[in-house]
2 protein chains.
Amino acid sequence: METEQAAIQQQPSAAGRTDRPAMHTDGIIYVGKKGVMSYVWAVVMQFNNGTPEVKVKARGRSISKAVDVSQIIKNRFIQNAVIKKIDLSTEELQSEDGSMSKVSSMEITMALSGPMVKVERQPRDFAASEQAPAGFATEAEV
Amino acid sequence: METEQAAIQQQPSAAGRTDRPAMHTDGIIYVGKKGVMSYVWAVVMQFNNGTPEVKVKARGRSISKAVDVSQIIKNRFIQNAVIKKIDLSTEELQSEDGSMSKVSSMEITMALSGPMVKVERQPRDFAASEQAPAGFATEAEV
């Protein structure tokens with residue numbers, strides 16, 4: 001599981017942003033190096049498909065992006081999306097030289113508080129461009 | 001409160017890492033641009049002074065660092081430190097040109113599950129150098 005997750009994160013995503021949807025297995029979205037909207041779209045798609053709970057997972061610096069994902073979903077796409085649980089932990093990873101290093105990880109469990117209530121605009125509008133909605137400072141440090 | 005927090009984060013910390021302890025008011029540590037150990041040390045100091053609960057707050061990209069702070073405290077310094085609550089939210093900030101932008105924010109509430117039980121080493125060892133303990137990959141994306 002650990003190894004599988006690392007493999008997923010080191011795949012094409014490392015080559016930069018692409019048009020492909022974010023990697024996901026049922027109900028789990030791993031946030032990595034793609035644009036934030038790629039993950040937002042992946043989560044919305046899961047809820048659209050009837051998945052009752054979606055876990056948004058991230059490690060290291062991607063943790064901030066995972067939080068952005070949860071907030072953009074709540075504020076811009078699904079009015080009744082709720083954060084059910086947040087888990088923080090430390091994972092140990094083996095580097096190429098064989099040494100072990102620790103990295104923080106986060107898992108945000110999201111759910112709907114009833115039948116899905118969408119916010120005015122459709123996610124498809126944003127997914128094509130992979131841009132954050134205007135005014136959401138996902139890239140800038142404030 | 002909003003403005004005050006912004007002011008704190010834009011203070012000397014923006015000039016880079018310094019020897020000064022991280023900015024804090026009673027029981028609240030704002031995580032910004034300093035080295036992670038600066039904030040770890042500030043939290044440990046608060047618990048040492050008898051503060052029952054310490055809130056670790058961060059916005060934008062500093063959110064990942066705030067998670068590192070909580071994990072380093074639990075794993076390396078205070079054995080019985082617990083995360084009582086995690087709040088995620090969106091804050092609206094006014095840029096210099098007057099436009100509003102949104103940014104994710106996080107608040108991790110930490111407490112002790114009894115009298116403080118320290119992990120072998122003393123925080124002072126790390127605070128001087130502001131280095132993360134060996135093996136904690138706080139700077140690298142994995």
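Note on naming: letters A, B, ... go to the chains in the order of the sequence lines (proteins, then strands), and numbering restarts at 1 for each one.
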[atom1] of [X] to [atom2] of [Y]: how many Å apart, nearest 0.5 Å?
X: A:Asn75; Y: B:Ser89; atom1: CG; atom2: OG; answer: 9.5 Å
X: A:Met106; Y: B:Ile86; atom1: CE; atom2: CD1; answer: 6.0 Å
X: B:Asp68; Y: A:Arg61; atom1: CG; atom2: CZ; answer: 9.5 Å

What part of A:Ile83 lies closer than 4.5 angstrom to a heavy atom of chain B: side chain, backbone, both or neither?
-> side chain
Indicate whether the side chain of A:Gln71 and that of B:Ser104 have a donor and an acceptor atom separated by less than 3.5 Å.
->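 Absent: no donor and acceptor within the cut-off.
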Would you name the heavy atoms of B:Ser64 and A:Gly60 that are closest together and state the gap between them?
-> OG-O, 3.4 Å
Under 4.5 Å from any heavy atom of chain A - which part of B:Ser70 = side chain
Residue of the set A:Val103, A:Thr90, A:Leu88 for which side-chain contact (heavy atoms from CB on, under 4.5 Å) holds with B:Val67 = A:Leu88
